[in-house]
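Step one of this worksheet: look at the structure below.
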Amino acid sequence: MRTRGFLIMAKGVVPVQEKYQFSAVEEKWQKKWEEEKPYEARSNQGQKYYCLEMFPYPSGRLHMGHVRNYSIGDVVARFHRMQGDNVIHPMGWDAFGLPAENAAIKHGIHPAEWTWQNIDHMRAQMKRLGLSYDWSREVASCAPEYYRWTQWFFLQLYKKGLAYKKKAAVNWCPSCATVLANEQVVDGRCERCDTEVTRTDLEQWFFKITDYADKLLANLEKLTGWPDKVKIMQENWIGRSEGVEAFFKTENGLPLPVFTTRPDTIYGVTYMVVAPEHPVVDELIKGTPNEAVVRRFIAEVRAQDDITRTSTETEKKGIFSGAYAINPVNGAKIPIWLANYVLASYGTGAVMGVPAHDQRDFEFARKYGLPVVVVIQPLDRELDAAAMREAYVDEGRLVRSGRFDGMENLAAIREIGRYMEEKGVGKRTVNYRLRDWLVSRQRYWGAPIPIVYCPECGTVPVPEKDLPVLLPRDVEFTPHGESPLAKSESFVNTTCPHCGGPARRETDTMDTFVCSSWYFARYTDASNRDLPFAKAEADYWLPVDQYIGGVEHAILHLMYARFFTMVMHDLGLLETEEPFTNLLTQGMVLMEGSKMSKSRGNIVDPDEIVNTYGADTARLFILFAAPPERDLEWSEQGVEGSYRFLSRVWRLVADLEPRIGTAPDDSRSGKVAQAGTGGDLPRSARDLRRQTHLTIKKVSEDISQRFNFNTAISSIMELVNAAYLYKDRVPVEEQVPGVLRELVETLLLLLAPFAPHLTEELWHELGNARSIHGMPWPRYDPAALAAEEVTIVVQVNGKVRDRLTVPIEIDPEELKEMALGMEKVREFIGGKSVGNVVVVPKKLVNIVAR
RNA sequence: GCGAGGGUGGCGGAACUGGCAGACGCACUAGACUUAGGAUCUAGCGGGCAACCGUGGGGGUUCAAAUCCCCCCCUUCGCACCA
């Protein structure tokens, strides 16, 4: 508009700028932002705001879920910048992982090369979306400068005893002679060679997250900025339960403790069950007549994969071990069984069977003809063990329980626990469902675990000064599935850091969740070469003020990141104990009701949308179509609607620009035009001005308090509609340019976080010199909000019959009289007598007539 | 089975503490401008001729219920033998 060129078109002379040319505008500003780097976080000063979206796996291309995630984050970041906050808004790459290795096997491309190519492509896509990242802080977890510190953290955990090695069951393919991840097992078979997968034990590394179970649980209460849904999921995952460990023993005196939350039922124990994997089993069955049968049973159970094994659908199967145990409270001799439904990994791996009061035990006992002994009687009836069809699990009074007879069972839970402790036959304990975190992966494309095995010195950590343990590049990716690291002689063979003798490296790499458990801290000091990050930087920026990502990470990633933050805190690396103050879990992007996926073929490529409609349109649509937490149904027509709206904004400004003028001078840059507030304005201008300020209020609240971008956008649309009406319907001589200018500038400011390119362009067209994205967020003028009149709804018996426009401060009595006097109202009252009249000031009058 | 969401026009969704149900947008219908329109603008748009009826169904509280209470149905997600 400043440089007014003209195109001769078929229709005549049309100013070029009357059409919204998104591609030129978007390219222009992206180039400018690339050069001037306006989104780099400033040094540690001012009110900080850390806005973070979960970093992506560099799969190759962005999908709509990414676009949604980053659009939400970008609005939040830009909004806070305009609030004057010192915003850090970084991006990086969760770059280790299996797909890179599969690409290597399938296409012969090295995982590193494949990954870095993908990163370059996706970074370019992000830039085309106009996302305001501070690229100077970019990290990639597969870069040695990054995974060096992932390894460093492993060593810190090892030193604190939080990293340890133990045998654990894994999926094993006998044909490939390798370990398989759960997702590589399809219907119990190897995804590559279709061989039946077996279970085997392997030495694997674990992180002792269970040490933090209590804190992970207790701190949830403090996370008031997290959705309840996520907190509940984590709470269930941690699964704290209080109970008693009862010191049962076998007949021969072998200890066989059990964990129970129901010590009140301990007199009703009629048998005991141990997990087939329980270490005591060997001893129990050795030399007994049924040893062979039992061993066959164990092999059978162990062949089941975890999913079948732990499903409630699976039939409960068991076998008598041949041995007996003694109940420590009453000396009863009870048979010891083995069963598939008892888990070796929870509690003590053994349970007491109380069929009368536990449904699983009941089913098991009925199936195998084990006795049922009632020890809790309900208050309202008498249970008969022989006639029971299901376990009685509710409250009642104890019977057949020695000195506890007659006690209410809730009291007995406490009393029996205490009694067992006194007698030394048990202790009150807490158990967790949460297991230690298995971090070993038998893969190439991950951070190598920095450990060396020396025949002389045993397990030796790699000294910190020798980090990183680099991934060798020259390895072979054959479709055998075996970890390439194990076959790389140059990698495996090393010297012991301790004695200098020949030694072998650990060939497992770390779970990628380890990499993503601390990246948010690395961003605060991303190029530090001496430390993962400086404490001062971390303490300034952390915790993350707003974290945004998919709900699929509600448990694992978010729990691991919390655990790591607690460990980092305990290592003295940072002050905060919790990494994320506020969490927003966004919904999925759907098409025709189901998740977009390649196999379904219902993918919409972000590039195509950006090419056709521009980034601003894509962002606007995805934010407008649904509130962020809900699933979003993709609609091409909806996208067009958003494009139409932006064009409408463009035309509005292009149309008005000659009338509302360029800024008189640059000195007022930084201030939005202020229209006069006085009563000297015509009514039409006052009304328009009120709507401008109401919109400021509404948009500000929708963004900052509710994250309801859809309603924020709709109120901006209403403002645009009002501006058109004013422009086209109010006589030109009555129109007030100052009010229009205020509206237009406000409109652009409010829209700037959503459509950063278009608003920047128009902002400059209006004669403003500085970037709109560095402008302060508009504030509403309370005086402008005040309306002099208000429309009152008049109801008779709760049904709307008419409306009334009255001065805003009208006396309620007067309002009531006016309402009663209305023609339509009288009609509906008819012959009935008027009873109560409810007057709600500024809203309605309801006349009750009987 | 347990836990947490959700159910509002043809569609996506509004309605914040009980106070005009359907904002905003899409689709659709009619018209204007036009050589043309998949551009733009104008008007209409829950159902019913109407009285009225309408927020998954049924009951209740209230002057007033999408919103609060009770019962039920459907649906999405998470966990799923944790003793």
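Every heavy atom of this structure was used, including side-chain atoms; hydrogens, water molecules and symmetry mates were not. Protein chains get the first letters and strands the later ones, always in sequence-line order, with residue 1 at the start of each.
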Checklist entry - Across the strands shown, which category fits A:L343 at heavy-atom distances under 4.0 angstrom: base, sugar-phosphate, nothing? => result base
Checklist entry - Hey, are A:D214 and A:Y432 close enough side-chain-wise for a donor-acceptor pair under 3.5 Å? => result yes
What protein N or O atoms touch nucleotides 63-67 of chain B N or O atoms at under 3.5 angstrom, if any, and at what distances?
unit_1 : atom_1 : unit_2 : atom_2 : d
B:rC63 : O2'    : A:N846 : ND2    : 3.1
B:rC63 : O2     : A:N846 : ND2    : 2.7

Can you name the atoms? Protein N/O to nucleotides 23-31 of chain B N/O, anything below 3.5 Å, with the distance.
unit_1 : atom_1 : unit_2 : atom_2 : d
B:rA23 : O2'    : A:E718 : OE1    : 3.1
B:rG25 : OP1    : A:N721 : ND2    : 3.3
B:rC26 : OP1    : A:R644 : NE     : 3.1
B:rC26 : OP1    : A:R644 : NH2    : 2.9
B:rA27 : OP2    : A:R644 : NH2    : 3.1

Item to check | Mate of B:rA30 where both pairing distances stay under 3.5 Å, Watson-Crick or G-U | outcome: B:rU42
Next on the checklist: Suppose we call a contact any N or O donor and acceptor under 3.5 Å apart; does that hold for the side chain of A:K843 and the base of B:rC20?
Outcome noted: no
Next on the checklist: Checking A:S321 against A:W337 for the side chain to side chain contact (heavy atoms under 4.5 Å, CB included) test, could you report, in this order, the C-alpha distance in whole Å, the side-chain angles of both residues, the deciding distance, and whether it holds?
Outcome noted: CA-CA 5 Å; A:S321 71; A:W337 284 62; over 6 Å; no
Item to check | Touch class at under 4.0 angstrom, heavy-atom based, for A:T791 against every strand present | outcome: nothing
Checklist entry - Just checking, any donor-acceptor pair under 3.5 angstrom between side chains of A:R648 and A:N721? => result yes
Item to check | B:rU76 versus B:rU67 - spacing of their C1' atoms, nearest Å | outcome: 22 Å
Checklist entry - Hey, does A:V551 reach any base, or is it just sugar-phosphate, or nothing, if we go heavy atoms under 4.0 Å? => result nothing
Checklist entry - So does A:R803 get a side-chain nitrogen or oxygen closer than 4.0 Å to the phosphate oxygens (OP1/OP2) of B:rG19? => result no
Restricting to nitrogen or oxygen on both sides, can you table the protein-nucleotides 51-56 of chain B pairs closer than 3.5 Å?
none

Checklist entry - Reckon A:D631 touches a base, only the sugar-phosphate, or nothing at all at heavy-atom distances under 4.0 Å? => result sugar-phosphate
